[in-house]
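Report on one structure; see the data block that follows.
A quick note: this is a predicted structure, and the numbers were derived from the prediction, not measured. A note on names: the letters A, B, ... follow the listed sequences, proteins ahead of strands, and every chain is numbered from 1.
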Amino acid sequence: MRTLCENVKDSDIGKEFTLKGWVMRYRDHGGLIFIDLRDCSGIMQVVFDENLDKESFKTAKKIKNEYVVSITGTVGKRPEGTENAELKTGTIEISAMRIQIINASETLPFQIDEEADVNEFTRLKYRYLDLRSKRLKDNLIFRSKFNHAVRRFLDDEGFLDIETPFLTKSTPEGSRDFLVPSRLNRGHFFALPQSPQLFKQILMVGGFEKYYQIVRCFRDEDLRADRQPEFTQLDIEMSFVEMKDIMSLTEELFKTIFKSLLGIELDLPFKIMDYDDAMNIYGSDKPDTRFGLLIASLSNIFCNSSMNLFKNAISNGGAIKAICFQGGSNILSRKDIDELLSIAKDFGAKGLAWTKVADNGALEGGISKFISENEKISVIEKTGAKNGDIIFYQADEKKTANMVLGRLRLYLAKKYKLIPKNRFELLWVVDFPLFEYSEEEKKTVSVHHPFTAPAEKDLEILELNPLSAKSDSYDLVLNGEEIGGGSIRIHNPKLQGKIFDILAISREEARLKFGFLLDALSFGAPPHGGIAFGIDRILMLLRNENSIRDVIAFPKTQKAYCPLSDAPSAVKDKQIKELGIRLSDTRI
RNA sequence: GGGGCCGUAGUUCAGAUGGUUAGAACGCCGGCCUGUCACGCCGGAGGUCGCGGGUUCGACCCCCGUCGGCCCCGCCA
């Protein structure tokens with residue numbers, strides 16, 4: 001019978017136990033050997049004494065790191081002064097009487113649980129070793145608890161966990177699909193789902209009023225620290241609901257999770273921000289509200305500016321926007337400002353104007369000599385600038401000015417460490433436009449997806465000026481990361497048709513792509529809506545990690561390669577032939 | 001598709017302006033050690049300097065290409 005390390009207590013002193021696990025550390029003192037034994041529950045120190053049992057002592061001499069062993073011995077209190085406060089079991093130890101080496105280990109390619117960052121590629125290649133480290137182990141335990149808490153909450157709320165297909169139909173809208181050739185239907189392909197969007201809506205038509213699923217999604221796009229080709233969503237859909245119902249369900253869900261997993265009491269309801277405000281004040285549709293550096297609009301102040309830069313921007317229909325960096329005039333050297341200029345240019349800025357606020361309250365340096373006294377007073381008021389601050393300006397199309405300052409804001413906050421640690425700011429962003437104009441495709445496209453319901457108040461203007469219509473959709477933002485989003489869906493086939501018209505999607509095209517959904521909606525579809533959350537991102541933020549790879553057991557590199565399994569890899573010609581496909585080049 | 005940083009021992013790194021034997025720490029191997037817990041001490045082994053070309057009397061170092069890693073832009077409805 002085997003006992004786990006964490007289950008051996010001070011009160012067990014004198015009792016005999018058998019522990020099984022890995023040798024985490026090995027300290028040979030000649031006539032006395034210590035090992036730190038690790039199992040899934042924790043760590044226990046084991047002592048081998050030459051005088052206690054000659055045979056087991058001899059075996060213990062052969063032990064190396066990460067050997068798997070079985071140890072039988074009695075629990076003893078550690079001699080006074082040798083307790084280890086770092087360990088939960090630091091007041092006791094096992095005096096070994098028998099040891100069996102169950103399995104030896106090769107010398108490790110890297111040391112487990114070291115402070116030094118081992119090359120991530122090596123860690124991924126030997127992922128099973130990295131998984132033995134406390135950090136990754138704790139992350140995956142947390143992930144399991146998170147999923148469990150979500151399921152318990154939604155189950156209690158009457159939701160049903162229903163699985164949807166992985167082999168499904170390619171929908172060229174949205175992200176690039178992973179395709180799966182069909183052997184039985186030559187020349188035809190399945191696609192792995194980007195999300196179960198269409199199926200969950202059909203489940204609503206099928207009468208399951210509350211659905212959820214913790215489900216893998218696939219998108220064949222380039223990777224980032226927060227983007228893997230396969231990732232996990234918490235997918236939710238409900239019938240007979242409005243925005244506020246989905247939002248309050250979400251808030252209760254997060255409140256429950258934060259409380260049970262982190263012991264944090266969230267204030268409800270979450271803050272709500274309009275999309276327009278998010279863009280105008282934070283320069284982003286996923287604002288990080290943990291710090292200031294808010295974007296001010298100065299267009300009104302400078303409409304009669306003596307400076308061509310500002311005057312022209314406004315007469316061309318653009319805007320003057322600014323952020324004020326508190327205390328920046330002392331922190332930033334001229335070189336730093338030049339560097340910021342080059343960074344702003346990388347962001348798409350034409351330049352970066354600036355003024356310092358001197359100790360006497362005057363504007364100094366940069367473009368200050370072009371700013372009149374009256375303009376100065378208004379600038380100070382609008383930006384909230386104080387003596388010792390520095391103000392950065394953008395004169396450009398409003399969208400560009402917001403975007404540049406929004407990114408500059410994040411850059412400054414990171415570089416000068418303005419972001420408070422251990423704080424979670426949850427925020428709804430609502431009132432997204434329903435459509436936007438795609439320069440690339442030269443047509444109107446959906447901001448969310450084509451099944452998103454227009455806001456009721458904008459049904460009228462849908463035909464006259466579709467680009468100004470808002471949608472019944474909502475994004476959930478945590479610390480400047482989009483962690484979820486959803487919408488109320490269109491359940492009326494007539495309205496759906498109108499949307500397709502605006503998107504210039506013909507009836508034939510719509511039938512070809514989403515026919516099965518349109519059919520379903522025509523047979524008495526209930527009003528419905530839902531939301532989906534990026535579980536990997538949420539876990540990354542809650543665990544204070546910089547990449548979702550650290551909360552995924554087996555992630556891929558930025559080239560979408562798995563060093564552990566060597567996937568993707570070439571396949572036999574026979575396999576390709578069977579599928580009725582041919583490779584166009586053999587560069588593999 | 002593009003930009004930035006990086007690739008030297010098993011691991012993390014150091015190697016001025018090109019110069020003959022490429023170093024350190026940890027790990028590994030051998031020895032000593034009865035209260036350690038990142039044990040300590042003594043000794044030792046270990047390198048195609050990512051790969052391929054080029055320049056040079058001579059390349060870890062310079063040039064070109066290529067492969068790979070990380071971050072970012074584009075992309076991700």
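- Nearest heavy atom pair, residue A:Ser471 against residue A:Thr452, reads CB-CG2, 3.7 Å.
- Within 4.0 Å of A:Val118, counting heavy atoms only, lie sugar-phosphate atoms of the nucleic acid but no base atom.
- At whole-Å resolution of the value, NZ in A:Lys345 and P in B:C73 are 20 Å apart.
- Atom NZ of A:Lys61 is separated from atom P of B:C33 by 8 Å (rounded to the nearest Å).
- A:Asn65 has its CG atom 13 Å from the C1' atom of B:C39, to the nearest Å.
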Between the protein and nucleotides 4-6 of chain B, are there any N/O to N/O pairs under 3.5 Å, and if so, what are the atom names and distances?
none

What protein N or O atoms touch nucleotides 67-70 of chain B N or O atoms at under 3.5 angstrom, if any, and at what distances?
from  : atom 1 : to       : atom 2 : distance (Å)
B:G68 : OP2    : A:Lys559 : NZ     : 3.0
B:G69 : OP1    : A:Thr557 : OG1    : 2.8
B:C70 : OP1    : A:Gln558 : N      : 3.3
B:C70 : OP2    : A:Gln558 : N      : 2.9
B:C70 : O3'    : A:Arg549 : NH2    : 3.1

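- Applying the 4.0 Å criterion to OP1 and OP2 of B:C39, one finds that A:Arg27 has a side-chain N or O inside that range.
- Residue A:Arg227 is in base contact, counting any heavy-atom pair closer than 4.0 Å across all strands shown.
- Residue-level contact check: A:Pro79 touches the bases, meaning some heavy atom is under 4.0 Å from a base atom.
- Along RNA chain B, the nucleotide nearest to A:His449 and the one nearest to A:Leu108 differ in position, and the one closer to the 5' end is contacted by A:Leu108.
- Between the side chain of A:Arg219 and the base of B:C75 there is no donor-acceptor pair of N/O atoms closer than 3.5 Å.
- You'll find that the side chain of A:Thr122 is closest to B:U11, out of B:U11, B:C76, B:C29.
- Atom CD in A:Glu80 sits roughly 17 Å away from atom C1' in B:U36 (whole-Å rounding).
- Two residues, A:Arg176 and A:Asp49, neighbour RNA chain B, and the one matched to the more 5' nucleotide by heavy-atom proximity is A:Asp49.
- For the pair A:Glu221 CD and B:C76 P, the computed distance is 6 Å after rounding to whole Å.
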Under-3.5 Å N/O pairs linking protein and nucleotides 22-25 of chain B:
none

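- When the side-chain nitrogen and oxygen atoms of A:Lys64 are compared with OP1 and OP2 of B:C29, one or more of them lie within a distance under 4.0 Å.
- The distance from atom CZ of A:Arg78 to atom C1' of B:C37 is 7 Å, rounded to the nearest whole Å.
- The separation between A:Glu50 atom CD and B:U36 atom P is 18 Å, rounded to whole Å.
- The separation between A:Ile35 atom CD1 and B:C37 atom C1' is 12 Å, rounded to whole Å.
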